[in-house]
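Encoded as structure tokens, the structure appears first; notes follow it.
Here the structure is a predicted model, which is why all the values come from computation and not from measurement. Letters A, B, ... are given to chains in the order of the sequence lines, protein chains preceding strands, and every chain is numbered from 1.
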Amino acid sequence: MRTHYCGELRSTHGHQEVTLCGWVDRSRDHGGVIFIDLRDRTGTVQVTVAPEGSAQVFHQAEQLRNETVLRISGHVRLRPEESVNPKLPTGTVEVVATDLTVLNSIQGALPFAVSVHDEEPVREELRLRHRYLDLRRQRMQRNLALRHQVMQTARRFLDEQGFLEVETPMLTRSTPEGARDYLVPSRVCGGEWFALPQSPQLFKQLLMVGGVERYYQLARCFRDEDLRADRQPEFTQLDLEMSFLSQEQILAINEHLVAHIWKTALGVQLPIPFPRLGWSEAMARYGTDCPDTRYGLELTDVSDLVADLSFKVFSQAVARGGVVKCLAIPHGNERLSNVRIKPGGDVFAEATTAGARGLAYIRVRDRGVLDTIGAIKDSLGPEQARALLERCGAEPGTLLLFGAGDAATVNKALDRVRQFLARELQLIPANTWNFVWVVDFPLLAWNKDDQRLEALHHPFCAPHPADVHNLAQARAQAYDLVLNGLEVAGGSLRIHSATLQQQVLEAMGFSADEARRQFGFLMDALAMGAPPHGGIAYGVDRLVMLLAGEESIRDTIAFPKTQQARCPLTAAPGSVDPDQLKELHVASTWVDPDST
RNA sequence: GGGACCGUAGUUCAACCGGUUAGAGCACCGCCCUGUCACGGCGGAAGUUGCGGGUUCGAAUCCCGUCGGUCCCGCCA
């Protein structure tokens with residue numbers, strides 16, 4: 001049908017006969033001569049319809065609307081020097097049309113402009129409803145190509161490293177822990193249900209027991225939780241698992257994989273190895289387990305310095321086993337007004353949204369003068385003040401913001417304020433890729449709501465060998481890869497001993513029976529010669545989002561869902577025929593609110 | 001489950017503190033134009049201001065509800 005692609009034509013194609021297929025990106029009718037910008041996946045090229053040619057072709061060209069699907073035959077002509085368009089890769093040539101076939105015409109109004117020249121934002125619901133049009137636009141073409149490139153690069157790299165791509169079931173069993181499952185009723189086994197996988201975690205471990213040794217999969221995963229800019233109900237993981245490798249060996253392979261992807265997709269040479277940061281240190285310095293290290297604004301613990309103050313907010317927080325931490329903002333005095341850091345202000349709101357009760361502050365003026373609320377001023381002696389300023393690295397002009405309370409809340413609040421201020425004060429350098437491995441996570445964490453210990457990652461992470469006799473306090477041999485403050489991958493060495501797996505499940509409050517019932521198949525497998533193994537999983541959508549400079553993973557997914565987990569294009573989810581439910585032995589308890 | 005913001009022509013936006021016939025760019029339709037490339041010129045059509053109710057002499061504007069979308073909290077091992 002075609003001999004060339006639009007975007008690839010150059011002066012070297014001069015005088016060749018070509019046939020092109022594509023869409024009318026735009027056309028310019030000068031009465032006597034008509035120019036058509038013909039677009040395909042590779043770009044656009046100018047097609048010229050001259051009056052000297054066929055009258056029928058000229059007549060057809062006069063009728064064209066944007067997005068008409070065309071096949072055009074003609075010869076490539078070098079443009080006259082004064083008509084060369086330096087803005088276009090194909091700007092030195094044009095195709096003089098001798099034949100023009102309309103393969104499909106446009107009926108009715110287009111919901112939005114597709115042209116490569118059109119940068120106008122379009123309401124997202126409209127883009128999703130007509131995603132097939134949106135995908136034609138440059139931005140989505142680029143994002144899909146980038147996604148493809150990431151996936152292909154990973155496949156090639158992992159293939160070369162001896163990894164086997166293995167598919168695991170989409171219809172599997174529901175397991176406790178983790179997110180809400182998407183359930184699928186079984187017609188054949190009445191009353192029983194499959195779950196769609198939240199990740200291939202157990203299967204990839206079973207593949208290790210199965211002697212695959214190196215596995216990977218671009219795995220679709222499903223979690224029935226509320227959506228965010230970076231969370232969709234179905235998403236894609238690049239899932240890896242390896243046997244007989246140490247944690248350091250696993251991290252090294254992944255560093256090469258990531259460096260390879262960045263080199264291929266962006267031409268950027270990442271320095272490897274990536275820095276390693278202990279979880280405790282990350283929490284202490286940044287208040288989060290996924291720190292953005294592109295800027296400073298690190299947190300300082302001042303609990304010991306303020307424990308005895310008469311300012312009760314500080315001293316009581318410490319007395320109750322909590323902490324007081326400080327976020328020091330250089331030049332904060334001039335850059336942040338009191339209105340913003342006091343109740344009602346945007347900075348204050350960031351802290352309270354994260355659960356903080358308030359946001360104490362001290363403005364450091366010249367000659368050690370402190371500008372703050374009376375209660376703090378009255379409470380701080382000169383010695384204490386000096387120690388505080390020194391600890392926080394404060395200088396005249398510095399604004400100190402304080403969080404006080406239990407460690408989790410303080411960290412969460414100051415982390416949020418820190419990120420907010422970095423954006424507001426434009427402290428984030430452009431084109432910076434700061435990777436960091438966060439390691440030595442706690443194995444278990446206390447869940448206040450359920451009054452029990454639960455796995456921080458998942459129940460199959462191996463505890464640090466030195467910590468196995470105190471599982472409640474144990475570190476896990478787990479690692480997250482963090483890029484610019486976002487978790488892009490997470491993994492661990494796994495438990496390969498049935499006995500230890502049993503102990504960890506018990507520590508999490510599973511009875512022996514319950515553990516047996518839920519995870520018996522795993523423990524049986526571990527008992528039959530499971531090799532030491534471990535792995536990692538990348539959030540592909542998020543990775544592509546970061547590479548593309550997008551702010552939502554929806555822009556990296558061909559057909560994403562809205563925040564209500566709907567698809568405006570297909571109108572899914574939708575109702576089904578009652579007979580379908582009956583066949584599946586399912587009855588709906590849903591009551592339409594309008595009918596009551 | 002909760003909070004915030006948004007919804008005006010096919011589309012992107014405007015319309016001040018409630019006050020003339022709800023405007024503009026692009027797209028669309030018609031006419032003109034032989035070197036443009038986001039072509040240009042002249043003219044035209046296009047609106048249940050998401051939907052429902054209320055306040056008012058008067059509502060795109062204020063209030064309540066509702067639907068849809070976005071961001072966030074909870075939730076997401």
Side-chain angles (χ1 to χ4, degrees), chain A residues 25-38 44-52 58 62-63 65-67 77 79-88 90-91 94 96 106-130 133 175-181 198-199 201 221-233 235 346 349-350 352-355 412 416 420 441 443-445 447 449-450 453-461 476 478 487 490 492 504 508 537 539 551-552 554 561-564 566 568 593-594:
Chain A
D25 189 77
R26 248 187 168 86
S27 65
R28 293 170 292 282
D29 184 347
H30 285 245
V33 61
I34 300 168
F35 301 105
I36 303 164
D37 291 341
L38 192 68
T44 66
V45 69
Q46 174 164 287
V47 174
T48 304
V49 183
E52 301 84 42
F58 194 83
E62 284 181 311
Q63 315 293 316
R65 285 180 51 186
N66 294 345
E67 297 312 305
R77 183 164 77 187
R79 293 198 195 185
E81 202 172 328
E82 64 276 12
S83 295
V84 165
N85 184 349
K87 287 186 282 187
L88 284 181
T90 59
E94 60 189 345
V96 181
I106 300 296
Q107 276 109 43
L110 289 169
F112 50 83
V114 175
S115 166
V116 295
H117 302 293
D118 203 292
E119 300 288 324
E120 265 190 351
V122 179
R123 216 167 71 228
E124 192 168 0
E125 200 256 343
L126 203 64
R127 287 175 58 201
L128 294 185
R129 179 169 303 165
H130 304 282
L133 274 187
T175 51
E177 302 283 299
R180 193 176 296 113
D181 284 319
Q198 295 182 24
S199 80
Q201 181 60 38
C221 306
F222 304 85
R223 295 178 190 177
D224 186 5
E225 297 293 347
D226 286 348
L227 283 67
R228 290 284 190 280
D230 61 351
R231 271 166 35 191
Q232 284 272 302
F235 61 99
D346 55 350
E350 289 297 318
T352 51
T353 298
K412 202 167 171 184
R416 210 180 147 103
F420 179 74
F441 281 77
L443 183 71
L444 303 170
N447 183 320
D449 298 332
D450 296 353
L453 287 168
E454 65 180 9
L456 204 70
H457 273 84
H458 55 62
F460 319 111
C461 291
E487 181 193 334
S492 64
V504 168
M508 294 171 51
E551 298 202 335
S552 163
R554 290 187 301 277
K561 307 275 189 291
T562 69
Q563 196 162 44
Q564 293 305 307
R566 289 187 172 278
D594 293 341

request  = Indicate, with a heavy-atom threshold strictly under 4.0 Å, whether A:Ala179 touches base, sugar-phosphate, or nothing.
outcome  = sugar-phosphate
message = Strictly by Watson-Crick or wobble contacts shorter than 3.5 Å, is anything paired with B:U8, and which nucleotide is it?
response = none
request  = Kindly state whether the pair A:His30 / B:U36 counts as stacked, where counting means centroids closer than 5.5 Å and planes tilted less than 30° apart.
outcome  = no
note = From CG of A:Leu110 across to C1' of B:A9 the rounded distance in Å is 16 Å
inquiry  = Closest-nucleotide mapping onto RNA chain B: is A:Asp118 or A:Gly31 further toward the 5' terminus? I mean the 5' end.
reply    = A:Asp118
Sugar-phosphate only, base, or nothing, as touched by A:Lys561 at under 4.0 Å among non-hydrogen atoms = nothing
key: Pairing partner of B:C71 (Watson-Crick or G-U wobble, both distances under 3.5 Å)   = B:G3
request  = For A:Leu133 and B:U12, give me the distance from atom CG to atom P, rounded to whole Å.
outcome  = 13 Å
query = Under 4.0 angstrom, heavy atoms only, what part of the nucleic acid is A:Asp224 near: base, sugar-phosphate, or nothing?
reply = nothing
note = Winner on side-chain proximity to A:Arg65, out of B:C37, B:G1, B:C29, is B:C29
query = Paired with B:A14 by Watson-Crick or G-U wobble geometry, both distances under 3.5 Å: which nucleotide is it?
reply = none
query = Atom CD of A:Glu454 and atom CD of A:Glu177: how far apart are they, to the nearest 0.5 Å?
reply = 6.5 Å
request  = Would you mind reading off the distance between A:Asp346 atom CG and B:C5 atom P, rounded to a whole angstrom?
outcome  = 15 Å
request  = With heavy atoms under 4.0 Å as the rule, sort A:Ile34 into base, sugar-phosphate or nothing.
outcome  = nothing
ask   = A:Arg79 near the nucleic acid: base, sugar-phosphate alone, or nothing, with a heavy-atom cut-off under 4.0 Å?
value = base
ask   = Which is true for A:Leu456 with a 4.0 Å heavy-atom rule: it touches a base, it touches only sugar-phosphate, or it touches nothing?
value = sugar-phosphate
key: Distance in angstrom units between A:Asp226 CG and B:G1 C1', rounded   = 9 Å
ask   = Taking atom OG1 of A:Thr175 and atom CD of A:Gln201, what is their separation to the nearest 0.5 Å?
value = 10.0 Å
Pairing nucleotide - B:G30, Watson-Crick or G-U, each distance under 3.5 Å = B:C42
message = Please determine whether any donor N or O and acceptor N or O are separated by less than 3.5 Å between the side chain of A:Gln564 and the base of B:G69.
response = no
Distance, rounded to the nearest Å, where A:Phe112 contributes CZ and B:U12 contributes P = 9 Å
message = In whole Å, I'd like the distance from the CD atom of A:Gln563 to the C1' atom of B:C5.
response = 12 Å
message = Heavy atoms only, 4.0 Å cut-off, all strands: where does A:Arg123 land among base, sugar-phosphate and nothing?
response = sugar-phosphate
task = Mind checking A:Arg129 for me? I need base, sugar-phosphate or nothing, with any heavy atom below 4.0 Å counting as a touch.
result = nothing
ask   = For A:Ala354 and A:Arg416, which heavy atoms make the closest approach, and how far apart are they?
value = CB-CD, 3.7 Å
request  = For B:G58, give its Watson-Crick or G-U wobble partner with both distances under 3.5 Å, or none.
outcome  = none
inquiry  = Categorize A:Glu52 for me: base, sugar-phosphate, or nothing, with a 4.0 angstrom heavy-atom threshold over every strand shown.
reply    = base
key: N-O pairing of A:Arg231 and A:Asp226 below 4.0 Å   = no
Atom pair CD (A:Gln563) and CZ (A:Arg554), whose distance is rounded to the nearest 0.5 Å = 7.5 Å
message = Quick check for you: among B:C29, B:G74, B:U11, whose closest atom lies nearest to any side-chain atom of A:Glu120?
response = B:U11
message = Go nucleotide by nucleotide along RNA chain B from the 5' end; which of A:Gln63 and A:Gly91 gets its closest nucleotide reached first?
response = A:Gln63
Distance, rounded to the nearest Å, where A:Leu126 contributes CG and B:G10 contributes P = 11 Å
A:Leu443 to A:Cys461 - nearest heavy-atom pair and separation = CD1-O, 3.4 Å
message = Just to be sure I understand the rule, does A:Arg127 reach a base, reach only the sugar-phosphate, or reach nothing, if contact means heavy atoms closer than 4.0 Å?
response = nothing
message = Would you measure the distance from the P atom in B:U56 across to the matching atom in B:C63 and give it in whole Å?
response = 16 Å
request  = Assign A:Glu125 to base, sugar-phosphate, or nothing according to its heavy-atom contacts below 4.0 angstrom with the strands shown.
outcome  = sugar-phosphate
request  = Look at the side chain of A:Thr48 and decide which nucleotide, out of B:G1, B:U70, B:G35, has an atom nearest to it.
outcome  = B:G35
key: Pairwise P distance for B:G18 and B:G44, with rounding to whole Å   = 34 Å
message = For the P atoms, the ones on B:G10 and on B:A4, what distance do you get once it is rounded to whole angstrom?
response = 31 Å
message = Using atom P in both nucleotides, what's the gap between B:G50 and B:C57 to the nearest angstrom?
response = 25 Å
message = Taking the minimum atom-to-atom distance to the side chain of A:Pro121, which one of B:C75, B:U36, B:U12 wins?
response = B:U12
inquiry  = What I want to check is whether an N or O donor and acceptor connect the side chain of A:Arg566 with the base of B:G69 at under 3.5 Å.
reply    = no
Side-chain touch A:Gln46/A:Thr90, heavy atoms, less than 4.5 angstrom = no
inquiry  = Could you check whether any side-chain N or O of A:Asn66 sits under 3.5 Å from a backbone N or O of A:Ala113, counting only pairs where one atom can act as donor and the other as acceptor?
reply    = no
A:Ala229, nearest nucleotide to its side chain (from B:G35, B:C72, B:C75) = B:C72
query = Checking all strands, does A:Thr562 fall into the base, sugar-phosphate, or nothing category for heavy-atom contacts under 4.0 angstrom?
reply = sugar-phosphate
task = Please say which of A:Glu120, A:Glu67, A:Arg26 ends up in a side-chain hydrogen bond (donor to acceptor under 3.5 Å, both in side chains) with A:Ser115.
result = A:Arg26
request  = Return the nearest nucleotide to the side chain of A:Arg231; candidates are B:C71, B:G35, B:C76.
outcome  = B:C76
N/O (side chain, A:Arg28) to phosphate O (OP1/OP2, B:U36) under 4.0 Å = no
Touch class at under 4.0 angstrom, heavy-atom based, for A:Phe35 against every strand present = base
key: Spacing between A:Glu225 atom CD and B:G2 atom P, to the nearest angstrom   = 17 Å
query = Among B:C71, B:A38, B:G35, which is the nearest nucleotide to the side chain of A:Asn85?
reply = B:A38
query = Counting only side-chain N and O atoms of A:Lys412, is one of them less than 4.0 Å from OP1 or OP2 of B:C73?
reply = no
key: Out of B:C28, B:C76, B:C39, whichever nucleotide has its closest atom nearest the side chain of A:Arg26   = B:C39
inquiry  = Need one value for A:His117: base, sugar-phosphate or nothing, where a base atom within 4.0 Å counts as base even if backbone is also close, heavy atoms only.
reply    = sugar-phosphate
